[in-house]
Number of protein chains: 2
Amino acid sequence: MHINEPKSQLIRKTMDSPDEVREVTEIMLAIFRINGRLLERGDDLVRPLGIASAQWQVLGAVSLAEKPLSAPQIAEAMGITRQGVQKQLNRMLKDNLFEKLPNPRHERSSLYRPTPKGEHVYSEAMRRETLWAHDLAKGLPGPALRETLDLLKNFLRRLDIPLPDEGDRR
Amino acid sequence: MHINEPKSQLIRKTMDSPDEVREVTEIMLAIFRINGRLLERGDDLVRPLGIASAQWQVLGAVSLAEKPLSAPQIAEAMGITRQGVQKQLNRMLKDNLFEKLPNPRHERSSLYRPTPKGEHVYSEAMRRETLWAHDLAKGLPGPALRETLDLLKNFLRRLDIPLPDEGDRR
DNA sequence: ACGGAATTGGAAATGGGTTGTCAATCATTA
DNA sequence: TAATGATTGACAACCCATTTCCAATTCCGT
């Protein structure tokens, strides 16, 4: 930067890589839309099983751990708050999808384990998800799938970096 | 399908293209996570301006139209319900970001137009978004960006196709 | 011009999530 | 051991969206 003109900042931002900036923005919008659709379709997928996506997710987190977990542990695994998880757990206790186990390490904080019914509902949900993913994958070019997955992971990693501080730009 | 064995269904689903199915599933999970992050970061981005992402979106929809819109029109443009839009509008009326105009075509259904303050907040939000997108784009390979955007659009299109009916599989 | 159908705002209930507070239970360490 | 600090469940309030219901308005076909 040998020239120090006043508007170098704006020029740099808008002219550096206009296509890439536009594409990133469009990817964001696409992700918002896809996220909404996925939630809808996911609910459709498991509604016949009597659960919603939120419950499916909780079942998934505990099944993945392969051992009973406490509410805060599930929340940690899912990346949401323990209160949010607790709401789902309380409902699923009523629905007999989870059962409480005494926690030897904590008197008040129970462990939660899927009941046989819960296990069955979850495996059925996963079976349906596989069929669905298969149908979605059909017709999408394999190499693009791989490249997209790579880029999305990269993108996610970059979203953890704090926002560039306005004041630091010059 | 000349052989009609009982489990042909499951075998077809799990063996056809296991990698692609796994990748599609991972892409879904990545999208859930990215969506969450984007909302967080988006809120961070515009919080200094005194708005949340939801308001930003409404401002965007009306700005894009370049003319005052009614609540249902905004909802239509945003793909959410009119009630949700109305809540944001009512709040933004209080915050002096929008103003009501009489609607010559409808006595009860006012048109909404950003105030000068609203215009300013929105353009400032967009300026920040561009800076942000620029920083995100830096380091992401251009060709992969393009390919990802293409695939996501394709993916979104496929999500509009109704779920394959369980009963129809054979 | 009329009447039924669609649009519209408002209110309320629901869903899935958040934050915040409180009191009880751990866990740690002086 | 006793005090302190972190977890934890329960509860309440809020956010953003949904659905449902109602009443008022507008639109449209006959």
Side-chain angles (χ1 to χ4, degrees), chain A residues 32-33 35-44 46-47 50-61 68-95 97-112, chain B residues 32-44 46-47 50-61 68-95 97-98 100-112:
Chain A
F32 288 142
R33 296 197 183 96
N35 183 75
R37 296 288 191 200
L38 285 180
L39 290 181
E40 281 178 27
R41 296 301 188 191
D43 279 340
D44 294 347
V46 297
R47 186 172 304 118
I51 59 173
S53 300
Q55 278 99 340
W56 179 13
Q57 261 185 280
V58 175
L59 279 167
L69 296 181
S70 69
Q73 286 173 326
I74 298 171
E76 164 71 20
M78 293 176 62
I80 67 175
T81 60
R82 64 196 166 83
Q83 289 90 335
V85 168
Q86 195 70 52
K87 271 192 185 178
Q88 300 304 331
L89 282 176
N90 289 340
R91 178 188 313 191
M92 290 197 279
L93 281 175
K94 280 201 201 99
D95 293 348
L97 294 170
F98 269 102
E99 58 192 347
K100 254 190 218 190
L101 300 182
N103 185 347
R105 297 188 44 205
H106 198 298
E107 185 170 310
R108 290 175 68 209
S109 186
S110 307
L111 298 178
Y112 295 86
Chain B
F32 288 142
R33 296 197 181 94
I34 293 172
N35 184 76
R37 296 288 189 197
L38 285 179
L39 291 180
E40 280 178 26
R41 296 300 186 189
D43 279 340
D44 293 346
V46 297
R47 186 172 304 118
I51 58 173
S53 300
Q55 277 100 336
W56 179 12
Q57 259 186 281
V58 174
L59 278 166
L69 296 181
S70 68
Q73 285 173 326
I74 298 170
E76 164 71 21
M78 293 175 60
I80 66 176
T81 60
R82 63 196 170 81
Q83 288 89 336
V85 168
Q86 193 70 51
K87 267 198 181 175
Q88 300 303 330
L89 283 175
N90 289 341
R91 178 186 314 188
M92 289 196 281
L93 282 174
K94 280 200 201 102
D95 293 348
L97 295 170
F98 269 101
K100 251 189 219 193
L101 301 182
N103 184 347
R105 297 187 46 206
H106 197 298
E107 183 173 309
R108 291 174 66 210
S109 186
S110 307
L111 298 177
Y112 295 86

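This is a predicted model, so every value here is computed, not measured. Here is the naming used below: chain letters follow the sequence lines, and residue numbers restart at 1 for every chain.
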- Message: Using a 4.0 Å heavy-atom cut-off, does A/Gln83 contact any base of the nucleic acid, only the sugar-phosphate backbone, or nothing at all?
- Response: base
- Query: Is there a donor-acceptor pair under 3.5 Å between the side chain of B/Gln73 and the backbone N or O of B/Ser70?
  - Reply: yes
- Separation of B/Gln55 atom CD from D/dC16 atom C1', in whole Å? 10 Å
- Okay, side chain of A/Asp43, backbone of A/Ser53: is any donor-acceptor separation there less than 3.5 Å? yes
- Query: Expressed in angstrom and rounded to an integer, what is the separation of B/Asn90 atom CG from D/dC15 atom P?
  - Reply: 14 Å
- Task: Would you mind telling me which residue lines up with the more 5' stretch of DNA chain C, A/Gln57 or A/Arg82, judged by nearest nucleotide?
- Result: A/Gln57
- From CG of B/Asp95 across to P of D/dC15 the rounded distance in Å is 12 Å
- Hey, which of these two, A/Gln86 or B/Arg91, hits DNA chain D nearer its 5' end, going by closest nucleotide? A/Gln86
- Over how many whole Å does the gap from B/Asn35 atom CG to C/dG17 atom P extend? 12 Å
- Rounded interatomic separation in angstrom, taking CG from A/Leu39 and C1' from C/dG17: 12 Å
- Message: I'd like to know if the side chain of A/Gln57 reaches the main chain of A/Ala54, judged simply by a donor and an acceptor atom lying under 3.5 Å from each other, with no hydrogens or angles considered.
- Response: no
- Looking only at side-chain N and O atoms, does A/His106 come under 4.0 Å of OP1 or OP2 in D/dT8? no
- When rounded to whole Å, the CG to P distance for the pair A/Leu89 and D/dA10 reads 10 Å
- Message: What is the separation between atom CG on A/Leu38 and atom P on C/dG16, rounded to the nearest whole Å?
- Response: 17 Å
- Query: What is the distance from CG of A/Leu111 to P of C/dC26, rounded to the nearest Å?
  - Reply: 13 Å
- Message: Students often get this wrong, so: under 4.0 angstrom with heavy atoms, is B/Thr81 touching a base, only sugar-phosphate, or nothing?
- Response: base
- Message: Looking at D/dC15, I'd like to know if its phosphate oxygens (OP1 or OP2) sit under 4.0 Å from a side-chain N or O belonging to B/Gln88.
- Response: no
- Message: B/Asn35 vs A/Phe32, test: side-chain contact (heavy atoms from CB on, under 4.5 Å). Steps then yes/no.
- Response: CA-CA 6 Å; B/Asn35 184 76; A/Phe32 288 142; 3.2 Å; yes
- Query: Just by modelled atom types, is the B/Val85 backbone N or O under 3.5 Å from a matching donor or acceptor in the B/Gln88 side chain?
  - Reply: no
- Residue mapping more 5' on DNA chain D - nearest nucleotide basis, A/Lys87 or A/Lys100: A/Lys100
